[in-house]
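Note that ligands are numbered from 1 as they come in the structure, with each ligand's atoms numbered from 1 the same way.
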Amino acid sequence: MVDITREIVTLKRQLGSRLCVMGHHYQHDSVVQHCDITGDSLELARRVADVQAEHIVFCGVWFMGESAALLAGPGQQVHLPNPDADCLMSRMSPASLARLVLEQLAEAGYPAVPLAYVNTDVALKAVVGEYGGAVCTSANAKTMLRWALRQGERVLFLPDRHLGDNTATQLGIDQTERHVLRVGAHGLVQAKNQPLNRRLLLWPGCCAIHARLSLEDVEGARAAYPGCRIVVHPECREEVVSCCDAAGSTSFLIKEAERVAAEVPGSTLVIGTENNLVKRLATRYAKQCRIVPLAHAICGNMAKVTEKRLWQALGAVVEGTATPVVVDENLRQPARLALTRMLTACGQ
Ligand code: 13P
Ligand code: SF4
């Protein structure tokens with residue numbers, strides 16, 4: 001039987017500095033062990049520009065590979081070990097529909113600056129770039145929402161209504177200034193009956209993995225681990241976030257684990273996010289504290305990237321048969337603009 005782990009090590013050695021394997025924190029340990037760079041969406045997007053390797057093999061979902069391809073330099077290729085790994089939330093705001101809604105808002109006298117979560121495809125990012133907007137990640141959503149509110153009278157945040165909602169709460173934007181749009185196949189549904197004049201319009205999308213985490217899960221954790229600290233990802237619903245002790249991006253959750261392990265040894269930290277990451281943190285700090293998942297939360301699409309797929313992708317790179325991610329040249333410039341506006345606004 002083939003020892004895939006060893007084969008990967010051999011292939012990586014063979015490719016040497018021509019290769020960089022990048023991976024998101026939600027990947028399984030069997031994949032993460034081979035990554036040269038791991039990070040959350042923001043860290044990975046930031047690091048692409050510094051990577052000199054000719055081939056970037058990106059262990060993550062489709063939009064992450066596409067964003068890497070957008071930011072990659074000339075002559076660099078980005079490969080996804082499994083192109084079927086697709087973040088379902090990133091498909092909830094198709095570019096054509098988002099464009100239609102932006103036009104309808106402008107026609108109704110309520111133009112909006114689009115602010116798109118990085119979990120979107122390149123076509124959507126291009127529409128956002130074209131309409132003067134930018135991209136954000138969960139790590140910089142607060143800075144970017146503040147930025148977007150300075151660009152115009154109102155902001156259309158898409159596609160994750162919960163990240164938008166939680167970020168608005170952090171900025172002190174009242175509920176009466178927010179509205180979750182009703183959108184159908186033909187754009188806004190009964191536009192006249194919707195309060196489109198509000199400062200923050202939220203697209204009705206969400207991440208099924210995080211939106212499933214519930215108040216009952218939080219109550220159950222508090223009962224099971226008296227005195228525990230509960231932290232969650234801001235893709236969780238606002239009612240869940242508001243009864244937890246803190247919420248933040250993947251990198252924030254990692255820092256929390258590190259901090260609790262160092263400062264509150266013997267305590268219990270409950271983390272509400274993708275379980276691969278929670279399990280890794282639990283193992284890393286097992287001697288200092290107890291870390292448990294808030295509830296079962298596995299992203300089936302992230303899990304489509306396996307060690308075997310990585311091995312096959314590296315083999316294809318060595319043989320010269322790999323199919324890199326191709327970005328439509330017409331979309332490249334406006335989509336890149338939306339991404340670079342984020343990097344500039346955040347001083348990166
Ligand atoms: P981060 O931006 O925190 O990396 O999250 C990406 C993601 O897909 C969360 O579900
Ligand atoms: Fe997309 Fe949710 Fe999976 Fe993240 S956890 S990749 S947002 S489906």
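A distance of 11.0 Å separates CG of Leu80 from CD1 of Ile56, quoted to the nearest 0.5 Å. Annotation: the span from Asn275 atom CG to Met302 atom CE amounts to 13.5 Å, rounded to 0.5 Å.
Using a 4.5 Å heavy-atom threshold, the side chains of Phe58 and Val325 count as separate. The side-chain heavy atoms of Val101 and Trp203, taken from C-beta on, include a pair separated by under 4.5 Å.
Of all protein heavy atoms, the one lying nearest to atom 5 (O) of ligand 1 is His233 NE2, 3.6 Å. Closest to atom 6 (C) of ligand 1, if we only count protein heavy atoms, is Ser41 OG, 3.3 Å. Ranking the protein heavy atoms by distance from atom 9 (C) of ligand 1 puts Glu235 OE2, 3.0 Å first. Counting protein heavy atoms only, atom 2 (Fe) of ligand 2 is closest to Cys207 SG, 2.4 Å. Counting protein heavy atoms only, atom 3 (O) of ligand 1 is closest to Thr250 OG1, 2.6 Å. Nearest protein neighbour of atom 7 (S) of ligand 2, counting heavy atoms only, is Asn119 ND2, 3.2 Å. Here the heavy atom of the protein found nearest to atom 8 (O) of ligand 1 is Asn119 ND2, 3.2 Å.
In terms of polar-atom proximity, Ser138 is counted as a contact of ligand 1, with an N or O under 3.5 Å from an N or O of the ligand. At a 3.5 angstrom cut-off on N or O pairs, Ser249 does not count as close to ligand 1.
With 2.8 Å as the limit, Cys299 does not count as an N, O or S neighbour of atom 2 (Fe) of ligand 2. Taking 2.8 Å as the threshold, Cys87 counts as a candidate ligand of atom 1 (Fe) of ligand 2, since one of its N, O or S atoms lies below it.
Those atoms of ligand 2 that come under 4.0 Å of a heavy atom in Tyr26, given as number and element, are 4 (Fe), 5 (S). In summary, the atoms of ligand 1 found under 4.0 Å from a heavy atom of Asp40, numbered by their order in the structure, are 4 (O). When each atom of ligand 1 is checked for a heavy atom of Tyr26 under 4.0 Å away, the hits are 7 (C), 9 (C), 10 (O). Near Met89, meaning under 4.0 Å from one of its heavy atoms, ligand 2 places the atoms 7 (S).
A donor-acceptor contact under 3.5 angstrom links the side chains of Thr273 and Tyr26, judged on distance only. Side chains of Thr5 and Glu307: a donor-acceptor N/O pair is present below 3.5 angstrom, by distance only. At a cut-off of 3.5 Å, with distance as the only test, no side-chain donor of Thr169 or Asn166 sits close to an acceptor on the other residue.
The pair Lys125-Glu66 does not count as a salt bridge, with every side-chain nitrogen at least 4.0 angstrom from each carboxylate oxygen. Taking a cutoff of 4.0 Å between a charged side-chain nitrogen and a carboxylate oxygen, Lys255 and Glu258 do not qualify as a salt bridge. Asp40 and Arg46 are not joined by a salt bridge, as no carboxylate oxygen comes within less than 4.0 angstrom of a charged side-chain nitrogen.
Heavy atoms of Val118 found under 4.0 angstrom from ligand 1: none, in either backbone or side chain. With a heavy-atom cut-off of 4.0 Å, His210 touches ligand 1 through its side chain alone.
Shortest non-hydrogen contact noted between Thr167 and Leu163 is OG1-O, 2.5 Å.
A heavy-atom separation below 4.0 Å is found between Glu235 and ligand 2. Put simply, no part of Cys87 is less than 4.0 Å from ligand 1, judged by heavy atoms. Ligand 1 is never approached by Glu43 to a heavy-atom distance shorter than 4.0 Å.
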- prompt: Run the salt bridge (Lys or Arg N to Asp or Glu O under 4.0 Å) check on Arg332 and Glu329 step by step: do they pass?
  reply: CA-CA 5 Å; Arg332 184 179 284 279; Glu329 281 312 313; 3.2 Å; yes
